[in-house]
Participant: 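One structure, pasted below without further comment.
The analysis underlying the following values was restricted to heavy atoms, covering all of them including side chains, and did not include hydrogens, waters or symmetry mates. Below, chains carry the letters A, B, ... as their sequence lines are ordered, and counting in each starts from 1.
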Amino acid sequence: MEYNFNEIEKKWRAYWAAHKTFKAENRSDKPKFYILDMFPYPSGAGLHVGHPLGYIASDIFARYKRMKGFNVLHPMGYDAYGLPAEQYAIQTGQHPAITTERNINRYREQLDLLGLSFDWDREVRTCDPSYYKWTQWTFIQLFKHYYDEKLQKARPIAELVSQFEADGNAQVNASCDEKTPDFSADEWKNFSEKEKQEILMHYRLAYLSDSMVNWCADLGTVLANDEVINGVSVRGGYPVERKLMKQWSLRITAYAERLLRGLDQVEWTDSLKEIQRNWIGRSEGASVWFPIAEKSNADVLPGVQAYINQASLHAVPAFEIFTTRPDTIFGVTFMVLCPEHEMIAQITTPEQKAEVEAYVTWAKNRSERERQAEVKKVSGVFTGAYAVNPLTETRIPIWVSDYVLAGYGTGAVMAVPAHDSRDFAFARHFNLPIRQVVLPEGEQPTDTDTWTESKDSKSGVCINSGFIDGMPVKKAITAVIDRLVEMGIGERKVNYRLRDAIFSRQRYWGEPFPVYYKDGYPCVLDESELPLLLPEIDTYQPTATGEPPLARAKNWEYKGYPLDYNTMPGFAGSNGYYLRYMDPHNDQCYFSKEANEYWRNVDLYVGGIEHATGHLLYSRFWNKFLHDLGMSCVEEPYHKLVNQGMIQGRSSFVYRIKGSNKYVSLHLKDEYETDPIHVDINIVDNDVLDIEKFRQWRPEFAGAEFILEEGKYICGWEIEKMSKSMFNVQNPDDIVEKQGADTLRMYEMFLGPLEQSKPWDTKGIEGVARFLKKFWRLYHNSELQFAVSDEKPSDAAYKSLHKAIKKVGEDIEKMAYNTSVSTFMICVNELTDLKCNQREILDPLCRLMAPFAPHICEELWQLLGHTESIAYAEFPQYEEKYLVENSCNYAVSFNGKTRFVMSFPLDMSREEIEKEVLASADAQKWLQGQTPKKVIVVPKKIVNIVI
RNA sequence: GCGGAUAUGGCGUAAUUGGUAGCCGCGCCAGACUUAGGAUCUGGUGACGAAAGUCGUGGGGGUUCGAGUCCCCCUAUCCGCACCA
């Protein structure tokens, strides 16, 4: 029989489905292996060849692990909530559930064509009530917990309440908002219920607060920081502005340290870990309180300590700054507040009031985009007020400028113009003093007036710095912090760039919050009320009064109290999906303890790098929280993570002569003025345009004329993103139809290293198709009848097979599948040349290739007489004895340049090899009578003769 | 600006980790079978050269008997972060 992939693939797809071949059991004596793909958002466009790249790679690994005797969990599902379905609903009025369902079905059809060994019985969809019940449930737990800094763990909020009742909050060491007030036990007891709730909100891990959010008017919703790039939304590219809104947030910052430390325990690429480290942005330094100077015009204010001691710091007007370089405090010549800083109004002098207000208004109204675009432009205004530098006891002016960010540290900085480029630029622009306090090694102090930029101060010794003069930077940092602590105005502090995750979206297509409002403060539903179903509404727009779409829902209330109008963000559902796969049908709990303790965490996670700061951070946080609750037994959810590269498109172009409907072939185009026009790659073969199809392609090309070269129209090409608009999309369905799924699988792997981006070459796949045909023919005679003999194979055949087993085995462990495919090609070429058709070779070869090309291998496996699926057959083991060589080809080089090759027995001594090489005619020719200065013989490798 | 990665034929890539650069495939060239080929099979294919040979892994230095691989400097491209105090 000819290799009929269509029939074979159809047959085995049906077989696997009918036999539930890839069903994973939660109890097994086998070791477990959990291999997960980042589940897709089912878009309306369907899959192109780039999407399955990771799925195929993980599938090969899953199939390999099964053959190695592991109980493999390899599930798939859908990240089904999200903006595109809702945007489409707004445009068409169609319910997003309907379009989502349709897209999922299409995805499933396409995925099924690829022979992926998923356990579909475990499928999850984030928009399914039986799934989002647990997303809502986790939200409720977050609401009911706070983070205990001492235990480094989430604890029930009730424990916090007991502490408040006993001692107030002075002794409490918990993650909370900056503005959390201090209170005693008595005060707590006298608070009203509403006041108590407001206090607790400062501690909850899911909390409602007025926060500065990224408001995207075009999408009608707020966005999390990772959903905004360069001041515009990641989805759609709409402008984003800062706005103060009451929103749910998740206190992910409480976990910053654990999120950072956990990175040391996982096998991710360094670049990905680095992205997360940057995003978390830990910096060590000091928090320092600068007192506001009293109404004194003196430049030097001795006795700061006495001034501070007059009252507790909080009574003296003062503001807090964060610095990583407390050692430069003697170089502080002014202070800068961000325009949003709440003390501005309080400290600004009457004379400066108008100017400051104008600046603040201007700065606040600028979009993020404008602000970021004009980073180099210096702007600011003097408040008229002064602070006291507590160490120099001098009076320093307080300015307002938008180069200080509200979102980082305290929104206020001590400016050290000599050693900070931004402070330097500001000082120069407004003519403020610059004072050098760090002297790099080997330099002499210079007049700061002559400087054109700030001086690096990473290392060196302190100068002009009072008691730390002469100290190296590192020592000075400690010394200054000690002094500040002593004075009662500072402390060591670690600061993070990471912000809490804004968790509300003013959208319809997402999980409703299990929250109602009683007397104006939020309460969570009882767990028994879950899931809180997403209600039906008439239209998916905000209301006339600007309320989110859920405000349109009828009876959207609980026991007469209004329910929350927001829904959760797109990333909510994906946070814990990997846990739910372990026990997807459990309606009593998120997942059972047994299932979790068996599957533990994901051993191999495959997906795109685009989730580096979103999903991968939130999901780790979510899991750590569930770990604190004693539910998820392993703290890091994804042990090994591989980011697959993108498959780029190879676009084809025709060149239209300007102002005409005439097209000139690639190599002649420079003789004309032309415009390149994208042309559908389906009407181009090997860069040759099918002229007739081009004329039919679109009405405007119907009358096209051509200037040909050698009778052909040659198209130009360029590597671009694979996208419909560039007409360079390859549809996997078409390839499966034309070449087969096994060919597609192997070709995707053959393109290059998994983690690299590489273009899709429409021609290259034919080489893989030819290879599979050749592979098939190994098992067949010239009449194409199945013909495998039981004769003893030759040594050469054994060697060829075992070379391949060794290499492929090593490659799979490294996921270096591109070299595996080429190894198969080499092996099949060799066996074909050897006319090998022996069972002892072809049976293991079939198993070796089964993870890559499962359909054809199942078919051959059956022809070989096996009755069980090859999916659980034993992966072949290589035996060293077939690979032993008794001679080696030594490359003989002169001064490092290879000249010829000589073969010697492996056990030949260096001396003998040297003698024989030098005696050979080839060597004599190159020596030309000279005596070699030195001869290097590396056994089993090379001979190098130095002359 | 900071951090990370990458750079090898016309193209995608490979190189036992310091030891014969270019495996495998595409493309290209030639041949076979064919009425025909955009099918199939066989052989060739880094550049220059008639050949002997010379040159050759982004560029420049270095270490070494020997460097695509190690070290230093530079260039280009991609990615992440970016007024982060």
Participant: Out of B:A85, B:C81, B:G53, which nucleotide sits closest to the side chain of A:Thr323?
Facilitator: B:A85

Participant: Determine the Euclidean distance between corresponding P atoms of B:G9 and B:C48; express it in Å to zero decimal places.
Facilitator: 14 Å

Participant: Would you say a side-chain N or O of A:Arg777 is under 4.0 Å from OP1 or OP2 of B:U40?
Facilitator: no

Participant: Distance between the P atoms of B:G62 and B:A15, in whole angstroms?
Facilitator: 29 Å

Participant: Measuring only the P atom in each nucleotide, how far is B:C2 from B:U63? A whole number of Å is fine.
Facilitator: 30 Å

Participant: Report yes if a side-chain nitrogen or oxygen of A:Arg770 is closer than 4.0 Å to either non-bridging phosphate oxygen (OP1 or OP2) of B:C26; otherwise report no.
Facilitator: yes

Participant: So, does A:Ser421 get its side chain near the phosphate of B:G1, meaning an N or O under 4.0 Å from OP1 or OP2?
Facilitator: no

Participant: List the protein contact pattern of nucleotides 16-21 of chain B with one symbol per nucleotide (5' to 3'): B for base contact, S for sugar-phosphate-only contact, - for none; contact means a heavy-atom distance under 4.0 Å.
Facilitator: ---BBS

Participant: When rounded to the nearest Å, what value does the distance between P atoms of B:A5 and B:G10 take?
Facilitator: 28 Å

Participant: Taking the C1' atom of each, how far is B:G60 from B:C65, in whole Å?
Facilitator: 24 Å

Participant: When rounded to the nearest Å, what value does the distance between P atoms of B:G22 and B:C71 take?
Facilitator: 25 Å

Participant: For atom P, what is the distance between B:G1 and B:G61, given to the nearest Å?
Facilitator: 27 Å

Participant: Salt bridge check, A:Lys763 against A:Asp685: does any charged N sit closer than 4.0 Å to a carboxylate O?
Facilitator: yes

Participant: Of the candidate nucleotides B:A14, B:G27, B:U40, which contains the atom at the shortest distance from the side chain of A:Lys773?
Facilitator: B:U40

Participant: Pick the C1' atom in B:U42 and in B:U34, then give their distance to the nearest Å.
Facilitator: 15 Å

Participant: Considering only B:A85, B:C26, B:C81, which nucleotide approaches the side chain of A:Lys763 most closely?
Facilitator: B:C26

